[in-house]
Amino acid sequence: GENVEQHPSTLSVQEGDSAVIKCTYSDSASNYFPWYKQELGKGPQLIIDIRSNVGEKKDQRIAVTLNKTAKHFSLHITETQPEDSAVYFCAARGYQKVTFGIGTKLQVIP
Amino acid sequence: GAVVSQHPSWVICKSGTSVKIECRSLDFQATTMFWYRQFPKQSLMLMATSNEGSKATYEQGVEKDKFLINHASLTLSTLTVTSAHPEDSSFYICSARAVGSPLHFGNGTRLTVT
């Protein structure tokens with residue numbers, strides 16, 4: 001089955017700096033890659049996603065890149081703000097099942 | 001955007017009793033719903049996949065007789081934890097999606113079994 005690796009597990013950045021979270025996947029059949037933000041005590045919220053026929057997607061301060069050949073995809077958050085502090089999960093979806101990474105705890109220091 | 005409502009948000013029950021958790025898609029028809037369990041500081045562990053009108057597909061190691069899943073309509077799935085024990089205490093999260101649409105999550109249910 002699919003295996004998704006995510007790093008780093010924790011990340012601290014100064015407010016205003018950028019944050020990058022990287023993931024790799026193993027199943028070349030995976031064709032959809034969402035990113036989720038989970039705040040304490042809440043369910044994950046979809047923040048951005050990318051399909052395998054696209055190399056990059058941007059939504060305001062958030063961008064995601066995908067390298068299908070290398071099976072890498074990354075989340076980029078620019079101009080970080082304290083409210084960006086949360087746990088971020090990458091995921092990969094093949095036929096039906098979504099496989100999640102282990103999560104990255106992002107702390108934005110004011 | 002798509003909204004998934006999960007209820008209750010938290011529940012405390014005594015060992016040996018059963019607890020039902022509801023997951024509703026409020027503004028879309030969810031052909032597939034998923035149930036996850038999440039331990040502190042860990043990722044989401046898929047427990048089962050539920051398609052409307054059919055039996056749930058359980059992941060390896062998940063007891064189907066203990067975690068009863070019903071997906072009777074396109075907007076509602078329920079997870080019943082039967083004969084709960086303290087080791088069942090966890091954060092349970094549902095998700096739902098329509099065909100070709102992204103996955104959306106409920107806000108989770110914190111279950112504490114005393």
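Convention: sequence-line order gives letters A, B, ...; per-chain numbering from 1. Just so you know, these numbers come straight off a predicted model, no measurement behind them.
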Between the side chains of A/E2 and A/S26, does any donor sit under 3.5 Å from an acceptor? yes

Structural part of A/L46 lying under 4.5 Å from a heavy atom of chain B: side chain

Using heavy-atom distances under 4.5 Å, tell me whether B/L103 contacts chain A through its side chain, its backbone, both, or neither. both

With distance as the sole test, does A/Y25 use its side chain to make a donor-acceptor pair with the main-chain N or O of A/R93 at under 3.5 Å? no

Verify the ring-centre separation between A/F100 and B/Y36: is it less than 6.0 angstrom? yes

Check the angle between the aromatic planes of B/F67 and B/Y92 and answer parallel, tilted or perpendicular using the 30° and 60° thresholds. tilted

If we ignore angles and hydrogens, is there a donor and acceptor under 3.5 Å between the side chains of B/T75 and B/Q29? no

Examine whether an atom of B/Q6 lies under 4.5 Å from a heavy atom of chain A, and if so say whether it belongs to the side chain, the backbone or both; otherwise answer neither. neither

What residues of residues 49-65 of chain A sit under 4.5 Å from chain B when you count only heavy atoms? A/D49, A/R51

Let me know if A/Q45 has heavy atoms under 4.5 Å from chain B in its side chain, its backbone, both or neither. side chain

Is A/Q6 in contact with chain B via its backbone, its side chain, both, or neither, using a 4.5 Å heavy-atom distance? neither

Would a line drawn from the ring center of A/Y36 to the ring center of B/F105 be shorter than 6.0 Å? yes

Considering only heavy atoms from C-beta outward, does the side chain of B/L111 approach that of B/V81 to under 4.5 Å? yes

Interchain contact, A/P44 with chain B, by part (heavy-atom threshold 4.5 Å): both

Classify the side-chain pair B/H71/B/S50 by whether it contains a donor and acceptor separated by less than 3.5 Å. yes

Tell me whether B/D88 is salt-bridged to B/K66, with the criterion being a basic N under 4.0 Å from an acidic carboxylate O. yes

